[in-house]
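Encoded as structure tokens, the structure appears first; notes follow it.
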Amino acid sequence: MRRFNLASLLSEATRGHTGWGRQWRSPEPKASYDVIIVGGGGHGLGTAHYLAKVHGITNVAVLEKGWIGGGNTGRNTTIIRSNYLYDESAHLYEHSVKLWEGLSQDLNYNVMYSQRGVMMLAHNVHDVQVFKRHVYANRLNGVDNEWLTPEEAQAYCPPLNIDRSARYPVLGAALQRRGGTARHDAVAWGYARAADQRGVDIIQNCEVTGFRRDPATGAVTGVETTKGFIGAKRVGVVAAGHTSVIMERAGVRMPLQSFPLQALVSEPVKPVFPCVVMSNAVHAYISQSDKGELVIGAGTDQYVSYSQQGGLQISTHTLDAICEIFPRFSRMRMLRNWGGIVDVTPDRSPIIGKTPVPGLYVNCGWGTGGFKATPGSAHVFAHTLATGEPHPINAPFTLDRFRTGRLIDEAAAAAVAH
Ligand code: FAD
Ligand code: PYC
């Protein structure tokens, strides 16, 4: 596989970019693997990359029922931040932000991580108190976060309406400058290319339909798929909104609910929006993509569903909120909208680790906020799969916490209601 660098770019430029070749292979599945990953989103592909790169485990397959990145990875609005309240979460998401900061170099693939800052608006006294608490808690954990007055917030983001007579006036904002956005497809493709280079088989159009288990020990011995049975010593399920469906096939009932989460984009315009702004109270968030579209979203639909569409009232409510906070966008036209299915746990924190089935591991429950966690989650999940034990960072995020009651309640930091 050719590396991307100045010399290769220049040489391809002289011959019309005809010589790049395929970025990853499309192999038939082998009879068995050391590790099978179910789900070719960013988390699954990233796990395969770190298994190969960090742990030297290359006899690995990623099985994807559709095309890689076609799930929530390719549907999300790419906001990255680590301003979570509790120590456990701050460590996990900050681990991820640190990996984002070097990811393009690590993968030799430009994931376009742009640290343009993520600003969370406070609209009432409760918001002010909660966000200030986040700022102080984050700083104690080495996570950058600072409090801005309304005027400072507007200076950072000029389109922001700070008129005190607004129905939800801006009373201040918490700003994480190292937060920002990345290019979602590039994350899937970059991890796929890097994992493939180290020998990982990426098998698309291969749905996992069941599990085989050893009758004596109960341990998983492989997976049934639409391409036949494939043996495995260990299986990691990383299937976002469909995790509970798959885990049920292994006899494990997950504490998850699946909801549609929608987003929409405007027609493209010249650069007008320099950062990411989120408003939990008014219920909308916005950034501008490199193509020029305003990227907009809000919370999940109210009802569980597997339809990747969602209700129209969610989009109209979101646009009402955007027009209130940024009146100048009220004449913009919306181009398209879509939905993805997010998997939500009772405490709004992920589950990363062992299951009651020996050899079967799960990484799920990222709800509305797992894109930002992609590198960190993949890195610690690879450690867990390779060693059979959690990395210290994912040790608190067990499935067992819903039995013991040791929850990590991050509903407030989720920012996007779920
Ligand atoms: P996915 O990318 O969904 O990958 C799971 C894969 O599993 C899918 O490709 C699916 O096809 C495959 N699969 C399912 N069943 C099977 C099977 N039986 N066999 C084989 N393969 C199977 N997070 C943020 O941090 N910031 C954001 O701004 C943000 N915005 C969002 C906006 C929207 C509209 C949505 C829907 C989500 C958003 N998220 C955001 C959440 C984020 O997208 C997800 O948490 C994250 O992408 C999950 O990644 P993943 O790799 O686990 O899942
Ligand atoms: O978790 O920051 C987030 C987020 C933004 C949009 C959707 N999720």
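Computed from heavy atoms alone, side chains included, the values below leave out hydrogens, waters and symmetry copies. Numbering starts at 1 and runs along the sequence shown. Just so you know, these numbers come straight off a predicted model, no measurement behind them.
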Exercise. Taking it one step at a time, do Y50 and Y191 satisfy ring pair (Phe, Tyr, Trp, His ring centres under 6.0 Å)?
Worked result: CA-CA 9 Å; Y50 294 116; Y191 273 128; 5.7 Å; yes
Problem set entry | Whether over 12 other heavy atoms sit under 6.0 Å from Y168 OH | no
For this session: Find the distance between OG (S82) and CD (Q176) and round it off to the nearest 0.5 Å.
Result: 4.0 Å
For this session: Give a yes or no on whether the backbone of R3 and the side-chain of S8 come within a donor-acceptor separation of less than 3.5 Å.
Result: yes
Problem set entry | Min side-chain heavy-atom separation Q288-E293 under 4.5 Å | no
Problem set entry | Taking every non-hydrogen atom, the tightest pair across I36 and L63 | CG2-CD1, 3.7 Å
For this session: Just say parallel, tilted or perpendicular for the rings of H43 and W366, cut-offs at 30° and 60°.
Result: tilted
Exercise. When you look at T318 and H283, which way does the side-chain hydrogen bond (donor to acceptor under 3.5 Å, both in side chains) test go after all the steps?
Worked result: CA-CA 6 Å; T318 307; H283 232 173; over 6 Å; no
For this session: Check salt bridge (charged side-chain N to carboxylate O under 4.0 Å, His left out) between K98 and all other residues, then give those that pass, not counting sequence neighbours.
Result: E94
Problem set entry | N/O donor-acceptor pair under 3.5 Å between E64 side chain and Q204 backbone | no
Problem set entry | D201 side chain to A61 backbone, donor-acceptor under 3.5 Å | no
Problem set entry | Basic-acidic side-chain contact under 4.0 Å: E146, R139 | no
Exercise. Does D87 have any salt bridge (charged side-chain N to carboxylate O under 4.0 Å, His left out) partners at least two apart in sequence or in another chain, and if so, which?
Worked result: none
Exercise. Side chains of T77 and Y285: donor-acceptor distance under 3.5 Å anywhere?
Worked result: yes
Problem set entry | Heavy-atom side-chain proximity of V276 to T181 below 4.5 angstrom | yes
Exercise. Do any N or O atoms from the side chain of D144 and from the backbone of R178 form a donor-acceptor pair under 3.5 angstrom?
Worked result: yes
For this session: Mark yes or no for whether S104, through its side chain, and N110, through its backbone, hold a donor-acceptor pair below 3.5 Å.
Result: no
For this session: For R116, enumerate each residue passing the salt bridge (charged side-chain N to carboxylate O under 4.0 Å, His left out) test, keeping only those at least two apart in sequence or located in another chain.
Result: D290
Exercise. Can you name the one residue among T58, V200, D34, V35 that meets side chain to side chain contact (heavy atoms under 4.5 Å, CB included) with L51?
Worked result: V35
Problem set entry | Ion pair R336/E267, N-O distance below 4.0 Å | no
For this session: Take N76 and T78 through the test side-chain hydrogen bond (donor to acceptor under 3.5 Å, both in side chains) and record every step on the way to the result.
Result: CA-CA 6 Å; N76 86 95; T78 80; 5.2 Å; no
Seminar exercise, completed: Tightest non-hydrogen contact, residues L92 and P350, listed as CD2-CG, 4.0 Å
Exercise. Does any non-hydrogen side-chain atom of F371 lie less than 4.5 Å from one of N72?
Worked result: no
For this session: Can you establish whether the number of heavy atoms outside R2 located under 6.0 Å from its atom CZ is more than 12?
Result: yes
Exercise. I352 versus Y361: any side-chain heavy-atom pair under 4.5 Å?
Worked result: no
Exercise. Under 3.5 Å, is there a donor-acceptor pair between the side chain of H134 and the main chain of V130?
Worked result: yes
For this session: Over all heavy atoms of both residues, which pair between P396 and R401 is shortest? Give the atoms and the distance, please.
Result: O-CD, 3.9 Å
For this session: Measure the shortest side-chain to side-chain distance between Y303 and F259 over non-hydrogen atoms and say whether it is less than 4.5 angstrom.
Result: no
For this session: Quick one: pull up CG in L107 and CD in Q105 and give me the separation to the nearest 0.5 Å.
Result: 9.5 Å
Exercise. How many angstroms lie between atom CD1 of I325 and atom CE of M278, to the nearest 0.5 angstrom?
Worked result: 11.0 Å
Could you go through residues 308-315 and list every donor-acceptor pair under 3.5 Å that involves a side-chain atom there, pairing it with any protein atom two or more places apart or in another chain?
{"from": "S315", "atom 1": "OG", "to": "Q262", "atom 2": "OE1", "distance (Å)": "3.2"}

Exercise. Do V295 and I286 come close enough that some side-chain heavy atom pair is under 4.5 Å?
Worked result: no
For this session: Quick one: pull up CD1 in I37 and CD1 in I203 and give me the separation to the nearest 0.5 Å.
Result: 12.0 Å
For this session: Could you walk me through whether H95 and H379 pass the side-chain hydrogen bond (donor to acceptor under 3.5 Å, both in side chains) test, one step at a time?
Result: CA-CA 9 Å; H95 180 52; H379 184 260; 3.0 Å; yes
Problem set entry | Side-chain donor/acceptor of T384 to backbone N/O of V380, under 3.5 Å | yes
For this session: Specify the closest pair of heavy atoms between C323 and S330, including all atoms of both residues, with the distance to one decimal.
Result: SG-CA, 3.7 Å
Exercise. Of the non-hydrogen atoms in R177 and Y156, which two are nearest, and what is the gap between them?
Worked result: NH1-CE1, 3.6 Å
Exercise. What orientation do W20 and H17 show, parallel under 30°, tilted 30 to 60°, or perpendicular over 60°?
Worked result: parallel
Exercise. Is any NZ, NE, NH1 or NH2 atom of the basic residue among R183 and D185 found under 4.0 Å from an Asp or Glu carboxylate oxygen of the other?
Worked result: yes
For this session: Start with the C-alpha gap between W100 and Y93, add the side-chain angles, then the distance that decides, and say whether ring pair (Phe, Tyr, Trp, His ring centres under 6.0 Å) holds.
Result: CA-CA 10 Å; W100 277 114; Y93 290 100; over 10 Å; no
Exercise. Thinking salt bridges, do D400 and R403 make one under a 4.0 Å N-O criterion?
Worked result: yes
Problem set entry | Pair R348 + E410: basic N to acidic O under 4.0 Å | no
Exercise. Where the side chain of D127 meets the backbone of Q129, is there a donor-acceptor pair that is under 3.5 Å apart?
Worked result: no
Exercise. Is the closest side-chain heavy-atom distance between V344 and L256 below 4.5 Å?
Worked result: no
Exercise. In Å and rounded to the nearest 0.5 Å, what is the NE2 to CG distance from H391 to L385?
Worked result: 13.5 Å
Problem set entry | side-chain hydrogen bond (donor to acceptor under 3.5 Å, both in side chains) evaluation trace for H91 with N141 | CA-CA 7 Å; H91 296 156; N141 273 317; 3.2 Å; yes
Exercise. Atom CZ of F273 and atom SG of C157: how far apart are they, to the nearest 0.5 Å?
Worked result: 3.5 Å
Exercise. Checking S287 side chain against C275 main chain: does a donor-acceptor pair fall under 3.5 Å?
Worked result: no
Exercise. Just by modelled atom types, is the I408 backbone N or O under 3.5 Å from a matching donor or acceptor in the S349 side chain?
Worked result: yes
Which donor-acceptor pairs under 3.5 Å do side chains of residues 235-255 form with protein atoms, sequence neighbours excluded?
{"from": "T243", "atom 1": "OG1", "to": "A240", "atom 2": "N", "distance (Å)": "3.2"}
{"from": "T243", "atom 1": "OG1", "to": "A240", "atom 2": "O", "distance (Å)": "2.6"}
{"from": "R249", "atom 1": "NH1", "to": "V208", "atom 2": "O", "distance (Å)": "2.8"}

For this session: Mind checking salt bridge (charged side-chain N to carboxylate O under 4.0 Å, His left out) for E151 and listing every partner two or more places apart, or none if nothing turns up?
Result: none
Problem set entry | Contact summary for P169 and A166, nearest pair of heavy atoms | CD-O, 3.3 Å
For this session: For the residue pair R193 and N108, establish whether any side-chain heavy-atom pair is separated by less than 4.5 Å.
Result: yes
Exercise. Less than 4.0 Å between a side-chain N and a carboxylate O, is that true for K227 and E207?
Worked result: no
For this session: Decide, yes or no, whether a salt bridge links D196 with R25 under the criterion of side-chain N to carboxylate O below 4.0 Å.
Result: yes
